[in-house]
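Working notes, beginning with the structure itself.
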There are 2 protein chains.
Amino acid sequence: MVQSLNSGSNRGAATRAESGRTLPNRTASDRVRRRGEARRLDILRAAARVFRRSGVAAAGMRDIAQEADLSPGNLYYYFAGKDELLFFCQDRTVDRMLEAAQAARAAKLPAAEQLRTVIRAHLHYTLEEMEGATAHLEVDMLAENLRSSIIEKRDKYEQAVRALIVQGVQRGEFAPCDAALVARAVLGALNWTSRWYRPDGAQSVTAIADGLADYLVRGLAAAAQQTLTKPARALSGGRK
Amino acid sequence: MVQSLNSGSNRGAATRAESGRTLPNRTASDRVRRRGEARRLDILRAAARVFRRSGVAAAGMRDIAQEADLSPGNLYYYFAGKDELLFFCQDRTVDRMLEAAQAARAAKLPAAEQLRTVIRAHLHYTLEEMEGATAHLEVDMLAENLRSSIIEKRDKYEQAVRALIVQGVQRGEFAPCDAALVARAVLGALNWTSRWYRPDGAQSVTAIADGLADYLVRGLAAAAQQTLTKPARALSGGRK
DNA sequence: TCAAACTTTGAACCATGGTTCAAAGTCTAT
DNA sequence: ATAGACTTTGAACCATGGTTCAAAGTTTGA
């Protein structure tokens, strides 16, 4: 879960850090490794930025290298290739979202609030964190071996959201519904934001999150308590 | 609007059909032109199929040619290139959806029913018609000139949906809301279906459409009439 | 300060895939 | 049947872009 960032091919540093060779002084090589990982993260963020800006397909390794301030060839010292770059972007993001979903589900809150929390987290990780890991959505570009791993986690996340809805229904807080379908509708509405959201737009991410949550939760709320869960916010457009 | 299918580069037939040259017998050359257009449509459908199967980026001209039963080079006799192929796919689909949205809005029906109609049409054109013109969603691949045209129509469509929601609110059939955001949420939920829908899955397209409509409309319905507009369907999964 | 390990470079390699083209095949009108 | 228009072919062209690599630069440990 900690996902030390170097699981796949690691030609670079950090590999032989474990190899028990009684190093007289461990702090120094630790510093090297630490720096290496930091570098990797920087590169990853740069890549995510380019992915977001140009789209995964159009993003070239040369572009990414430039954005990360290093030579094209040097990229391959830190990552095995574009696939791995994309993979880590996606993996980090989906991990965060999964965590958030499971935490929300465990929390002692009304189902509506749980869902709200998930929605907020989802948009945060999709649009803000990790330079807006929009890459999360383009799984098709990965080679089979990497892809399946992401798909699996993605499915797990979807299950978590679905479970949250089912739970709400069971508690009587949500109206009965086709939870699988609704979960997909919610996730679709959320994921689609990456198509139209612009960082310099009128609405902040949290404003968008709140607005979407209002609508998406209302469609679920059991008729009786509809107005109880949360007073529907006024119809505004550009509150910061 | 009729979009005679050959607006861009048309090196092939149909171009000089207009050239006033007093043809002794028009029916014959008409037949040729007719056949040409039919062929173009076949190719377009084949392309759409490949786009859907492999994704726009991964779909190669050679694949498309094979799917359409002709040689790679021959494709270029009917279409200027991959861009144009993708363009026509998208253009046809968005035209249909726009039509449907405007028709629905003009119809004398409760807002909830109007929205239902749009949702059904949207999914129909996205998942079924035109071999499931999933291509509709990948605008980023087109060159600037073609892309802007599609974007424009797409925006127009979004406006139509939004207007429909606003209208519902004004009539008091929908609860007040941020119509722009809700419209995007609805469209997101709909467009996202192309990521998970499988023709051989348990639910038919109309079943999915109904299910989504139930949820998406309920989130809009004014509290008072909520149960009036449509009795919420039972929670089923696989009705044909 | 020296050797080993770690980084960096950028030019070159190479597969992929969109596109072109000249030659050949087929159909239509007379 | 024949000229001319319409189709088809598939090999070759070429730009793009991911990737490799050998050599050079820098840091670390003794």
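Model, not experiment: these values are computed from the prediction. Order of the sequence lines sets the chain letters (A, B, ...), proteins ahead of strands, with each chain counted from 1.
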Sugar-phosphate, base or nothing in reach of B:A59, heavy atoms under 4.0 Å: sugar-phosphate

Whole-Å distance separating the CD atom of A:E84 from the P atom of D:dT20: 12 Å

Value in whole Å for how far the P atom of D:dT20 lies from CG of A:N74: 14 Å

Candidates D:dG18, C:dG10, C:dT20 - which lies nearest the side chain of B:Y76: C:dT20

Minimum-distance nucleotide (side-chain atoms of B:R39 versus D:dT8, C:dT19, C:dT9): D:dT8

Between D:dT19 (P) and A:D63 (CG): distance, integer Å: 14 Å

Of the listed nucleotides D:dG17, D:dT7, C:dG18, the one nearest the side chain of B:Y78: D:dT7

For atom CG of B:D83 and atom P of C:dG18, their distance in whole Å: 11 Å

Charged N-O contact under 4.0 Å between B:D140 and B:R147: no

Nucleotide of C:dA12, D:dG10, C:dG18 approaching A:R62 most closely (side-chain heavy atoms): C:dA12

Touch class at under 4.0 angstrom, heavy-atom based, for A:G60 against every strand present: sugar-phosphate

Pair B:R162 + B:E158: basic N to acidic O under 4.0 Å: yes

Closest to the B:L70 side chain, choosing from D:dT19, D:dT9, C:dG18: D:dT9

Row check, A:W196 ring normal vs B:R184 NZ/CZ: under 6.0 Å, within 45°: yes

Salt bridge B:R120-B:D210, side-chain N to carboxylate O under 4.0 Å: yes

Whole angstrom value for the distance that separates C1' of D:dT7 from CD1 of B:I43: 11 Å

Heavy atoms from other residues, nucleotides or ligands near CD of A:E152 exceed 12 (cutoff 6.0 Å): no

Interatomic distance where CZ belongs to B:R40 and P belongs to D:dT8 [whole Å]: 13 Å

Atom-to-atom span, CD of A:Q66 to C1' of C:dT8 - whole angstrom: 17 Å

Nucleotide D:dA11, atom P - distance to CG of B:L75 in whole Å: 16 Å

Among C:dC6, D:dC6, D:dT9, the one nearest A:Y77 by side-chain distance: C:dC6

